[in-house]
Structures are given as C-alpha cells and as structure tokens.
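All remarks here apply to the structure that follows.
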There are 2 protein chains.
Amino acid sequence: MAQKQENLSKNQKIVLDYIEKANQPLKAYSILFNVQKKGLKAPPQVYRALDKLIEMGKIHKIESRNSYIACQNSSCQLEKATAFSICESCDKVTEISNHSLSKYLSNIKDKNGMKFNRYNLEFFGLCKKCKV
Amino acid sequence: MAQKQENLSKNQKIVLDYIEKANQPLKAYSILFNVQKKGLKAPPQVYRALDKLIEMGKIHKIESRNSYIACQNSSCQLEKATAFSICESCDKVTEISNHSLSKYLSNIKDKNGMKFNRYNLEFFGLCKKCKV
DNA sequence: ATAATAGTGTTATAGTATAACATTGTCATA
DNA sequence: TATGACAATGTTATACTATAACACTATTAT
Ligand SMILES: [Zn+2]
Ligand SMILES: [Zn+2]
Ligand SMILES: [Zn+2]
Ligand SMILES: [Zn+2]
C-alpha cells in the first residue's frame, strides 16, 4: 500500500526538511553533504529518500538540471502533472500553478494512440530580475 | 556567427548520421562506442557534437532519459519548443508535432513576469503496443 | 510466531558530463 | 601573404550523477 504523506520515515523527513528550507532546487550530492551531520552518509540513502518523496509528490525533480525542489503547489496531483519556469541566468525555479494549462495538457490526446498518464513541462527564460 | 545547417563539421556529421539511422533515443556513451571506428575516441568529441546539433535543432535531448534523438519534425523551430511522448514500458519516444499545442504553449504568459523563450514538454505513458 | 513489506547502512561501481590545454583548420581582411 | 579571430579537433584527467548488491532492522498483518 502507498505510504500516507504523514508517515515519512526518518531519512525521508531529514531530506524533505532540508529541501523545504532551501526554497530552490538542490543537487543530490549537496543534500548528501548537508545531511551527513544527521547520519545519512552515503548516496543511496539520499537517493532512496528522494525517490519516495517524488512518488508522494512532496518534491519534484527538475530534469534539465538534475536537481530537486519542494512542491510549491498544494493542489499538485502527486507527480502526474508538473510544470516549472526556470531562469537561465540565475537558476531560479518556480512551480507553475495554472489550472487552465494543466487542464489543457491533461486532455491532450496522442495521435498515435498512446495513453498518457503523466507529463513534465519546463519553461526556460529570464526572470524579472535578470531581464533588465 | 551561427553555423549554417548545411555546414556540419566532420564530427557533427558522423554523430548526426548515427543518430538519424537509429530512429530512437541514444545514450551519449553508446554513440561514442559506435563512432569509435570513425575516429571519435573520447567523450568530449561526442558531447561537443551533440551540443552543436542541439543548438541547430537537428537533434533533441530527452532530459528525463539522458538520451538524444534526431528531430522528427521538419517544422521544428530549432530547440525552442519541443514536445515528446515517451513509453514507460518500451522506451519508444516520438516527437509530438501538434500545432495547436505549440501555439498554446508559446503564448503562455508567466504570472511572475518571466520572459519565456523556450520550453520542453515530456509526456509519459504506454504506447499502443504496450497498452494491451 | 511468522511472513511480508518497507526502510536502513554500507561498499563498490556504473553512467553522465565537463575542465583544461595543446593543436589544427577556416576564413576574412589588413 | 600574413595576421588575427574563431570554430573545431584531439587528449587526458576528473567531476558529477545514480544505482547494484548485500546484510540487516523495523513495522505491520495474519
Ligand atoms: Zn508540485
Ligand atoms: Zn533570474
Ligand atoms: Zn524537432
Ligand atoms: Zn511501448
């Protein structure tokens, strides 16, 4: 059975806490380095926690950056439908919460008869601060 | 100045030829292994060619798979707007060519004042064959 | 109790990508 | 034609990202 969100394991809590405090995407090895004082000493411990947190929708992976960010969207349907804006200058990442966009994408039908059950969308550009 | 698409360099031609023949996403090190007989002996030679071919829009990177596929879409606007369907069972990848989708996404305005100049969209699911 | 499942700890290794530097090719123009 | 600017190449080493494999412990359900 899928684990309930309230029941995070020890390592999962440690990793999630650290990611949530960051408010920006973090690399796995930077997480590892920073949670070593809490007892997570080796990569598999971090990657396992990351995998479970992703399954639960508590964090998302920014694929183009190999980094991990806390879900910023309380209505996020687990990991089924994710969209982000990424600044190519300062690397700021924001989770996009746009109902009409997610509705549009969730209703897309594939021409080749494929059944979609998940998507990930990444927009790239310059944030307000970096546009100047 | 940006190189014209007709003027591929030697290594770029070798790498593109191999990717185009594959009709499926390829990993960088599998490309490297297969073009060693043509003289590309080290990773940087392959990665440089890949980078340039991506810039030119001749190939795209499937971010969630760390793999590279030839552009299947003659009207692809370089690397500005890419969309793919990915079968989670057999790994088949198809470039999506859907005018209304690309129009919709290109017109999305960011709530935080970010100026988008590129996006990448990856749909995941089961292809026709794997759905059974 | 027993078994099933999930989580942990650990070592080693696989897989992906870039830094750095020396060299060569191409082409415009001084 | 030579000089400079830029693109591409060749090469070695290294950095970064992620998983395999195995032994062990904790939790829960029957
Ligand atoms: Zn989310
Ligand atoms: Zn920025
Ligand atoms: Zn394309
Ligand atoms: Zn399939």
Side-chain angles (χ1 to χ4, degrees), chain A residues 1-19 22 25-56 58-69 79 88 91 93 120 122, chain B residues 1-19 22 25-56 58-69 79 88 91 93 120 122:
Chain A
M1 182 166 49
Q3 186 173 27
K4 287 210 228 94
Q5 296 199 355
E6 303 78 41
N7 282 337
L8 297 180
S9 77
K10 183 190 124 225
N11 289 358
Q12 290 159 15
K13 270 196 203 87
I14 291 170
V15 169
L16 180 58
D17 274 1
Y18 184 66
I19 297 179
L26 297 175
K27 302 279 191 163
Y29 272 71
S30 124
I31 296 169
L32 173 59
F33 180 81
N34 280 279
V35 297
Q36 275 177 337
K37 54 181 89 76
K38 307 236 172 178
L40 284 82
K41 291 182 186 137
Q45 296 173 290
V46 169
Y47 280 104
R48 284 173 192 147
L50 291 173
D51 289 346
K52 290 295 180 184
L53 292 168
I54 289 170
E55 272 180 33
M56 296 176 210
K58 301 292 248 178
I59 66 171
H60 304 297
K61 180 173 184 186
I62 309 298
E63 294 286 358
S64 61
R65 300 287 212 239
N66 298 318
S67 60
Y68 304 85
I69 192 169
E79 88 270 41
E88 291 180 299
D91 289 322
V93 170
N120 180 54
E122 298 181 1
Chain B
M1 183 166 47
Q3 186 173 30
K4 287 208 227 96
Q5 295 198 357
E6 304 77 44
N7 282 337
L8 297 180
S9 78
K10 183 189 123 229
N11 288 359
Q12 290 160 14
K13 270 196 202 87
I14 291 169
V15 170
L16 180 58
D17 274 0
Y18 184 66
I19 297 179
L26 297 175
K27 302 280 192 163
Y29 273 71
S30 123
I31 295 169
L32 173 59
F33 180 81
N34 280 279
V35 298
Q36 275 178 339
K37 54 181 90 77
K38 307 234 172 179
L40 284 84
K41 290 182 188 138
Q45 296 174 290
V46 168
Y47 280 105
R48 284 174 191 145
L50 290 174
D51 289 346
K52 291 295 179 183
L53 292 168
I54 289 170
E55 273 181 33
M56 295 176 212
K58 303 291 249 181
I59 65 171
H60 304 297
K61 180 173 184 184
I62 309 299
E63 294 286 358
S64 62
R65 301 288 211 241
N66 299 317
S67 59
Y68 304 85
I69 192 169
E79 88 271 40
E88 289 180 301
D91 289 321
V93 171
N120 180 55
E122 297 181 1

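FYI, side chains are in, hydrogens and waters are out, and symmetry mates aren't considered; it's all heavy atoms of this structure. Since this is a predicted model, take the numbers as computed values, not measurements. Letters A, B, ... are given to chains in the order of the sequence lines, protein chains preceding strands, and every chain is numbered from 1.
The CD1 atom of B:I62 sits 11.0 Å away from atom CG of B:L26, with the distance rounded to the nearest 0.5 Å. Summarising the geometry, atom NZ belonging to B:K61 is positioned 14.0 Å from atom CG belonging to B:L53; distances are rounded to the nearest 0.5 Å. Once rounded to the nearest 0.5 Å, the distance linking CD1 of B:I59 with CG of B:D51 reads 8.5 Å.
Regarding contacts with the backbone of C:dA6, every side-chain N or O of A:S9 stays at 4.0 angstrom or more from both OP1 and OP2. When the side-chain nitrogen and oxygen atoms of A:K52 are compared with OP1 and OP2 of C:dG7, one or more of them lie within a distance under 4.0 Å. One finds no side-chain N or O of B:N66 lying less than 4.0 angstrom from the OP1 or OP2 phosphate oxygen of D:dT17. Between A:K10 and C:dG9 there is a side-chain N or O to OP1 or OP2 distance below 4.0 Å. Dashed line: the shortest gap from a side-chain N or O of B:N11 to OP1 or OP2 of D:dG10 is under 4.0 Å. The shortest distance between the side-chain N/O atoms of A:K13 and the OP1/OP2 oxygens of C:dT8 is not below 4.0 Å.
A donor-acceptor pair under 3.5 Å is formed between the side chain of B:E122 and the backbone N or O of B:E63. In terms of modelled atom types and a separation under 3.5 Å, the side chain of A:Q45 and the main chain of A:N11 share no donor-acceptor contact.
For residues 37-48 of chain B, proximity to DNA chain C is found at B:P43, B:P44, B:Y47, B:R48, defined as any non-hydrogen atom under 4.0 angstrom from a strand atom. A heavy atom lying under 4.0 Å from DNA chain D marks the following residues of residues 25-36 of chain A, by number: A:K27, A:Y29.
Proximity of A:Y68 to A:V15: side-chain heavy atoms (C-beta onward) are nowhere separated by under 4.5 Å. Side-chain contact between B:K52 and B:E55 is present, with heavy atoms from C-beta onward closer than 4.5 Å.
The interatomic distance linking B:I54 (CD1) with C:dT16 (C1') rounds to 13 Å, in whole Å. For A:E63 and D:dC16, the CD to C1' distance is 16 Å, given to the nearest whole Å. In this structure, CZ of B:R65 is placed 14 Å from P of D:dA18, rounded to the nearest angstrom. Rounded to an integer number of Å, the gap from B:I62 CD1 to C:dG15 C1' is 18 Å. The nearest whole Å value for the distance from the CG atom in A:L50 to the P atom in D:dT17 is 12 Å. At whole-Å resolution of the value, CG in B:L8 and P in D:dA7 are 16 Å apart. Distance B:N7 CG to C:dC27 C1': 12 Å, rounded to the nearest Å. Going from atom CG of A:D51 over to atom C1' of C:dT8 covers 15 Å, rounded to whole Å.
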- Item | Test side chain to side chain contact (heavy atoms under 4.5 Å, CB included) applied to B:R65 and B:V93, step by step | CA-CA 10 Å; B:R65 301 288 211 241; B:V93 171; 5.6 Å; no
- So A:L50 and A:I31, side chain to side chain contact (heavy atoms under 4.5 Å, CB included) or not? Walk me through it. CA-CA 10 Å; A:L50 291 173; A:I31 296 169; 4.1 Å; yes
- Task: Before giving the answer on side chain to side chain contact (heavy atoms under 4.5 Å, CB included), spell out for A:M56 and A:Q12 the whole-Å C-alpha distance, their side-chain angles and the decisive distance to 0.1 Å.
- Result: CA-CA 11 Å; A:M56 296 176 210; A:Q12 290 159 15; 3.5 Å; yes
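For the residue pair B:I19 and B:I69, the shortest heavy atom distance occurs at CG2-C, 3.9 Å. Between A:L16 and A:K58, the shortest heavy-atom contact is CD2-CE, 3.9 Å.
Annotation: the terminal axes of the helix from C:dA1-D:dT30 to C:dA30-D:dT1 meet at 30°, where each axis is the rotation carrying the C1' atoms of four end pairs onto the next four (5 pairs per end, rounded to 10°).
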